[in-house]
Structures are given as C-alpha cells and as structure tokens.
Amino acid sequence: MPKLGYLNHLKLSGFRSIKEMDLPLGKLNVLIGPNGAGKSNFINFFRFMNKLLQKDLQLYVAEQGGADAILHFGRKQTPLFEANLRFDPNSYHCVLMPTNDGRMVFKSESCRFYGQQINYEGGIKHKTLAEPGSPESGLPSPGNTSIAAHVAGYIQDWKVYHFHDTSQSAPVKQPCNIADAGRLREQGENLAAFLNYIKKYSPNSYARIISTIQRAAPFFHDFILEREPHNERQIRLRWKHKGNDAYFDAHSLSDGTLRFICLTTLLLQPKLPSVILLDEPELGLHPYAIQLLGSMLRSASESTQIIVSTQSVTLANEFEPDNVIVVEHKDNESKFRRLEAKAFESWLQDYRLGDLWEKNLLGGTPG
C-alpha cells in the first residue's frame with residue numbers, strides 16, 4: 001500500500017493543453033518531453049490546487065488571462081474543467097465552469113474517505129464542499145480531524161519548488177526573518193533561516209547538506225549563519241571559502257551553485273514534505289551536479305513522493321524506465337504515457353535511459 005498522502009492517481013480534463021489525462025503515479029515520477037509538450041502545464045496544475053486551497057481561485061484565473069486561457073482551447077471547445085485526485089485514504093473531485101465575465105466557478109466539489117484503505121470499517125464517507133456557483137473552494141483550513149481538513153492538509157503540502165531566479169533581486173539573496181524556518185519556501189526565500197534551524201536541531205542532516213554541496217563546489221567550506229548586525233530578527237545567507245577567512249554572501253555564488261544549494265537543502269532536509277514538485281531543476285547545473293541531483297532525487301523518493309519535469313539527458317540517465325512519464329503533444333493535446341520496463345530490458349544492457357531518449361527510442365522528442 002502506498003504511503004498515506006501520496007498522490008497515486010490523477011485524472012484531468014480540459015486543463016490547458018491537457019484535454020484528457022488518466023495517470024497513475026508512483027513514488028518517483030520523471031516527466032520527459034520536448035518544449036511545448038505539456039510538462040509545465042502538468043506541474044502548473046499543482047500551483048492551481050495551491051491557489052484553490054488558499055481561496056485565491058479568482059485571482060489565479062485573472063492572472064492567467066481568464067477562464068478561456070485555462071480551459072483547453074477555450075470554452076467553445078471545452079465547457080468544463082474537471083479534476084479527480086486519489087491520495088489514499090482520501091480523494092478530491094471538482095468540476096469548474098466559466099462565467100460570462102471570464103471567471104471560473106464551481107459546478108461541484110467534494111471529497112471522500114475510503115476507510116478500507118486503513119482497515120476502518122466505517123466504509124466510504126462523502127463530503128460535499130463548494131455549492132454550485134461558488135467562486136471559491138469549500139475546503140477548510142487544515143488542522144482538525146474532518147475528512148475535508150485531511151484533504152486540505154495533503155494539498156497544502158504540495159509545493160512546486162522553483163529556484164530559477166538567481167538575479168540580483170532574487171528572494172533567496174535577500175535577508176529573511178530568522179523565525180521563518182518551518183519549511184523551505186518555494187523560491188528559497190527563507191533559505192538562511194531554514195538552514196540555521198536545521199543546523200541547530202538536526203546537525204546530522206546539516207552535515208550531509210554541507211558535504212554534498214562540497215562535492216559539487218569544492219571551494220565551499222560552510223555557511224555563516226548569523227543574525228544581521230542591525231536587525232537581529234533577520235538573517236542573510238553567508239558562506240566561507242576554503243582557505244580564506246573572508247565571508248561572502250549569496251551574490252558571490254554562481255547561479256548554478258546557488259540553485260544546487262537550494263536543491264540540496266530541499267532534498268536532504270530532515271523532514272520532507274509529502275510531495276516535492278520540481279520543474280526543470282537541472283537549469284544551469286554542471287553535469288556532475290546533475291548526477292548528484294539524480295542521486296538525491298532517488299534517495300528522497302524512498303521517504304516522500306517526487307514529481308519532476310526535465311529536458312536533461314544527463315538527469316534522465318539517473319532513473320529507471322518505471323520512473324519515467326513521456327509527455328508528447330499530439331492532435332492538439334498533451335499525451336502522457338508511462339514507460340514499461342520490460343520493453344527496454346535488452347537496450348538497457350548497453351545504454352542508459354537518457355541515451356535511449358536521445359536516440360528517440362522512448363518518444364518525447366520534437367517532431
């Protein structure tokens with residue numbers, strides 16, 4: 001039985017390039033495919049669910065350009081958007097429809113509890129959430145023992161991590177509140193506070209993070225996690241170079257090194273979220289760092305669920321066929337297909353998975 005809270009099945013219809021999708025998910029799920037295939041739309045669905053839970057559905061729809069930008073080729077072709085999510089022992093279902101003024105409202109919303117999944121004899125319990133026409137979700141805040149609150153707790157834990165912004169004004173390079181250490185934020189905004197917390201309360205995990213960063217960046221010695229001298233409530237990411245007493249801050253790190261630090265902290269933290277989602281995490285990384293990333297993803301998937309999209313042959317080489325979902329754009333829609341390991345047994349005696357992808361033996365290539 002999969003770990004409680006794992007998303008083991010996802011059905012979508014009418015969401016952006018995804019006309020119809022019925023996809024089983026495992027503990028490690030690697031989406032491969034060319035630009036424009038639909039990998040990012042798949043990942044963006046989880047951002048959509050975060051906004052829905054935060055009662056920001058209308059804001060999200062407006063930011064995306066209105067209902068017609070979300071529905072598959074607009075409302076004339078796709079009058080409804082539907083999602084079914086199964087994460088034992090619960091499930092969530094919603095149907096949304098467009099309004100004349102470009103918003104989206106609920107046609108229906110509900111969740112279920114499947115007692116047999118945890119040997120509970122109460123059977124299946126059903127809870128109706130938003131009423132028809134509601135502009136926002138009826139999911140409550142997580143925190144109590146109700147079915148809906150459990151569902152909300154799972155969805156709240158689904159975060160899409162995106163460490164691509166390494167500009168001068170990037171959030172990860174700015175001071176942050178030292179108390180903001182409960183979980184790593186999606187863009188690494190609280191990286192210094194989070195590392196400070198891990199160093200204090202989980203020194204073994206901190207040591208693993210440091211040693212892994214040193215493998216990709218041999219010049220790196222350690223972080224200097226000290227409060228800002230003129231504001232003790234804040235902390236900034238600082239680090240020390242090997243063989244040098246000078247301190248440096250995040251602005252002195254290369255883009256790839258900073259991204260690798262964020263990824264290493266995320267994947268080696270002592271308490272992993274129930275699902276980790278990453279969109280093309282290999283951006284700007286050295287091939288050896290990509291290999292280390294693949295190893296960390298495999299290791300983390302033993303304790304949590306990983307969903308990652310990639311265009312990197314090097315990263316794909318780190319996985320098995322059972323881990324891979326091929327995404328292709330055919331007949332004006334995104335198609336999702338899990339690889340079957342038996343079909344590639346003979347090939348994998350001489351080649352790695354990414355090599356087979358590069359040779360166009362897996363699909364998921366342009367054309």
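Taking the six-membered ring wherever Trp is involved, the centroid distance between the rings of Phe87 and Trp158 falls below 6.0 Å. Here the two rings, on Trp357 and Phe319, have centers that are 6.0 Å apart or farther. Aromatic pair Phe336/Phe42: ring centres closer than 6.0 Å.
Under the salt bridge (charged side-chain N to carboxylate O under 4.0 Å, His left out) criterion, Glu189 pairs with no residue at all, not counting sequence neighbours. Residues passing the salt bridge (charged side-chain N to carboxylate O under 4.0 Å, His left out) test with Lys19, sequence neighbours excluded: none.
With 3.5 Å as the limit, one finds no donor-acceptor pair spanning the side chains of His164 and Glu280. Arg298 and Asn323 share no donor-acceptor pair across their side chains, judged by distance under 3.5 Å alone. Glu109 and Tyr92 are linked by a side-chain donor-acceptor pair at a separation below 3.5 angstrom, with hydrogens and angles left out of the test. In the model, Gln291 has no side-chain atom that pairs as donor or acceptor with a side-chain atom of Glu318 under 3.5 Å.
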What pairs of donor and acceptor atoms, side-chain ones from residues 195-208 against any protein atom, are under 3.5 angstrom apart with sequence neighbours left out?
unit_1	atom_1	unit_2	atom_2	d
Ser202	OG	Ser205	OG	3.0
Tyr206	OH	Asp222	OD1	2.7

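With a 6.0 Å cutoff to the six-membered ring centre and a 45° limit on the axis angle, Arg215 does not count as a cation-pi contact of Phe220.
Salt bridge status for Asp157 with Lys159: absent, with no side-chain N to carboxylate O gap under 4.0 Å.
Under the 3.5 Å distance criterion, the side-chain polar atoms of Asn190 are matched with a main-chain donor or acceptor of Asp180.
Within 6.0 Å of CG on Asp101 lie more than 12 heavy atoms contributed by other residues, nucleotides or ligands.
Ser91 contributes atom OG, which lies 6.5 Å from atom CZ of Arg112 (distance to the nearest 0.5 angstrom). Note that the CG atom of Leu139 and the CE atom of Met49 stand 7.0 Å from one another [nearest 0.5 Å].
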